Amino acid sequence: MENFIQAFTQADAAYINVYQQILRYCAPLLVGALLFLCIKPLLTFRREPEIWAWLVLEDQRRLPITHWESVIGRNKRSDVVINMPAISRNHAVLTRYDDGSWTIADAGSKAGVLVNGERVDIAALEPEDVIDIAGVKMKLLPISRRQEIKLAFLRTKGAHPLSSLANVLLLTLIQVLVCCSYLLTVNEAHALTVFWGFAGIAISQWALLIFYFVIRKPSFEVETIAFLLCTMGMAAIAAVRPGEAMKQLIAMFMGLALFLGVGWSLRDLERAKKIRYIAAAAGIGFLLITLLFGREYHGAKNWLVIGGMSFQPSELSKMCFVFVGASTMDRIVNRRNLILFIGYTLAICGCLAVMNDFGTALIFFIAFLLIAYMRSGSVGTLALACTSLGFAGVIALKIAPHAMRRFSSWRHIWEDPLGAGYQQTRALMCIASGGLFGMGAGRGWMKNVFAADSDVVIATLAEEWGLLIVLMLISCILALGLFAVRSAAVQRSSFFAIGGCTAAGILLVQAIFNALGTVDVLPLTGVTFPFVSNGGSSMIGAWGLLAFVKAADTRQSASFAVRQSKEGRPDDE
């Protein structure tokens, strides 16, 4: 193997040039084809709501229950709309559990909820129980076990195993070509490290695909997109810091382990609700430990250094935050739970403000807005929260010189191209010099700029691989966000809807902040590009968030959060 790699590094310059010229035009075609094959099924699958029970009214009308947590009220946004003046806008919440049992809970209504004539705050329901909501009487009729099995087979099927196999083969070809391009240009001392960096990604994706085949979950589009992003991230590392390729690969292994671990925890909603307390403590605990023992780099005290290794605990706190927000749903519109979550968010953002990590604090706040809106639907609440953020932002800029320096240079980078605007002015010039197809692997100048493989990584990739490739990488994250939104409307549980949309939202916001900050459309916040930027904690956190997006896949035999039925296909009669 070493002799093979050495032969690459000693190749004739003329052959290297020909190879680079061919690859710079072929790469966009190959990556574009792969993205088309992966993104199309994610954005075009048929969305079918599942009916889990019926509310049978006194006049024998049947109202379908399509979610495991359904709000009953006269609000047009309610899951079950009963348009009568006596019924509150959000009157009650029906909840289904993993064992098939149901409860009904009062959502703070004026008239209350009665079950068999007795007023209740929350009560378990039996098929013959009479529910009285402001004088409207009804009974709950759950579907049978046989109907549940049939329901599972009616959903759109996930990807065919051969489709996933073809996608991974195409991705592997891209990885081989990109790896060879850097072996032809990288320093001979780093050639072996770069080789194993790309090879490790390829081995991981094949191992995960085989595991999916074993558990009969062959859909691999989401993971293929993530591995493609990791591949281009490894390309940036090979160009800027080739010696760190193995460190990033190890971080990806840890991220994959977290991805599968979170996926396992999401298979049981009751278990997930219990874990939320551990997640809440861990989320705030990571930040408190950083406050006490962290080190300050470039104005922000957000790093822990252990045994010579540094990482950002706030990246793991993001995943914990999503877990807490999605699982705090015992009663969807319960004001007490929402107030507690607001307090938790303030504590998180307060810790980050003390660390001077305002970019990450803003991401947490946007995640809070997504969760709050999906749980309450109140535009007024969000407007008040955004107004409060504006005041907090002004105060932060006054008391934090680190944030003020970055904000003051925004839109003025050419006034100080050798100082505050150095990174972004060089990034813009390198993006321009790369054009649509790039200059070729290892031929960029951007590697001489600080954080060329992290904060301004898209400039490095744009210079060497072209603007088309960078736009495709951004479209990868956008596709994950659109997929989560499309899936949310037909989720069986609000946990998966909120978790998937919030996690995808965080990934998308990070990509936007990173990309637009690099080109000075937004202030440069130091936020990483998911899966691409060099940084172990960022990589681990991105895979943890991806688990929520994967769990939101509603297609048949696609999500590892849905248990595979052990019973055969029911008869059609």
Side-chain angles (χ1 to χ4, degrees), residues 5 8-9 20 175 178-202 204 227-255 295 297-298 300 302-312 315 422-424 426-427 430-431 433-434 438-465 469-470 473 510 514-515 517-518 524 526-543:
I5 295 173
F8 257 88
T9 59
Q20 294 279 30
Q175 290 164 339
V178 174
C179 179
C180 290
S181 69
Y182 281 105
L183 291 179
L184 291 169
T185 58
V186 76
N187 187 294
E188 188 175 342
H190 294 128
L192 191 61
T193 302
V194 169
F195 170 80
W196 282 114
F198 286 101
I201 297 175
S204 299
F227 280 116
L228 172 63
L229 292 169
C230 290
T231 300
M232 297 313 299
M234 189 61 69
I237 292 172
V240 181
R241 298 182 181 181
E244 296 189 5
M246 291 305 296
K247 186 180 75 172
Q248 188 74 346
L249 180 63
I250 292 172
M252 194 196 75
F253 290 157
M254 296 172 66
R295 292 188 183 181
Y297 290 104
H298 311 294
N302 55 357
W303 293 88
L304 277 181
V305 179
I306 300 176
M309 299 289 291
S310 60
F311 65 98
Q312 287 181 281
E315 295 293 338
Y422 184 83
Q423 278 180 291
Q424 290 155 295
R426 270 54 186 176
C430 289
I431 291 172
S433 64
M439 299 176 64
R443 297 186 172 185
W445 183 88
M446 189 67 196
K447 58 190 174 185
N448 298 307
V449 178
F450 172 73
D453 56 342
S454 54
D455 294 0
V456 289
V457 66
I458 67 160
T460 301
L461 293 175
E463 184 184 23
E464 298 198 355
W465 293 97
I469 290 291
V470 168
L473 298 183
Q510 284 193 210
N514 181 279
T518 299
L524 186 63
V527 171
T528 57
F529 196 111
F531 301 102
V532 178
S533 292
N534 186 10
S537 49
S538 174
M539 176 67 75
I540 295 170
W543 277 103

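Predicted model, so just to flag it, every value in this text is computed and none were measured. Side-chain atoms are counted along with the backbone in the values below, which use heavy atoms only and exclude waters and symmetry mates.
Side-chain contact between I540 and M252 is absent, with no heavy-atom pair separated by less than 4.5 Å. At least one side-chain heavy atom of M539 sits under 4.5 Å from a side-chain heavy atom of C230. Using a 4.5 Å cut-off on side-chain heavy atoms (C-beta onward), Y422 and F450 make no contact. For the pair L473/I458, no side-chain contact is recorded, criterion being any heavy-atom separation below 4.5 Å from C-beta on. A 4.5 Å side-chain heavy-atom check between M232 and W465 finds at least one atom pair inside the cut-off.
Residues A245 and G197 approach most closely at CB-CA, 4.5 Å, considering heavy atoms. Closest approach of T193 and P242 over heavy atoms only: CG2-O, 3.5 Å. The minimum heavy-atom distance linking N514 with T518 is given by the pair O-OG1, 2.7 Å. Between F227 and Q175, the closest heavy-atom pair is O-NE2, 4.3 Å. Across E463 and W445, no two heavy atoms sit closer than the pair OE2-N, 2.8 Å. Taking each heavy atom of A235 and V178 in turn, the nearest pair found is CB-CG1, 4.0 Å.
For the atom pair CG of N534 and CD1 of I237, the computed distance is 4.0 Å after rounding to the nearest 0.5 Å. Atom CD1 of I250 sits about 9.0 Å away from atom CE of M254, to the nearest 0.5 Å. Put simply, OH on Y182 and CD on E464 are 4.0 Å apart, with the number rounded to the nearest 0.5 Å. Residue E315 holds its CD atom at 5.0 Å from OG of S537, rounded to the nearest 0.5 Å. For the atom pair L461 CG and I431 CD1, the distance stands at 10.0 Å (nearest 0.5 Å). Atoms CE and CG, on M234 and L229 in that order, are 13.0 Å from each other to the nearest 0.5 Å.
A donor-acceptor contact under 3.5 angstrom links the side chains of T528 and S538, judged on distance only. For the residue pair Q423 / D455, no side-chain donor-acceptor distance below 3.5 Å is found, with atom types taken as modelled.
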task = Apply the test side-chain contact (heavy atoms from CB on, under 4.5 Å) to residues N448 and R426: give CA-CA distance (whole Å), side-chain angles for both, the deciding distance (0.1 Å), then the verdict.
result = CA-CA 10 Å; N448 298 307; R426 270 54 186 176; over 6 Å; no
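The closest donor-acceptor contact from the side chain of Q312 to the backbone of G535 lies at 3.5 Å or more, if one exists at all.
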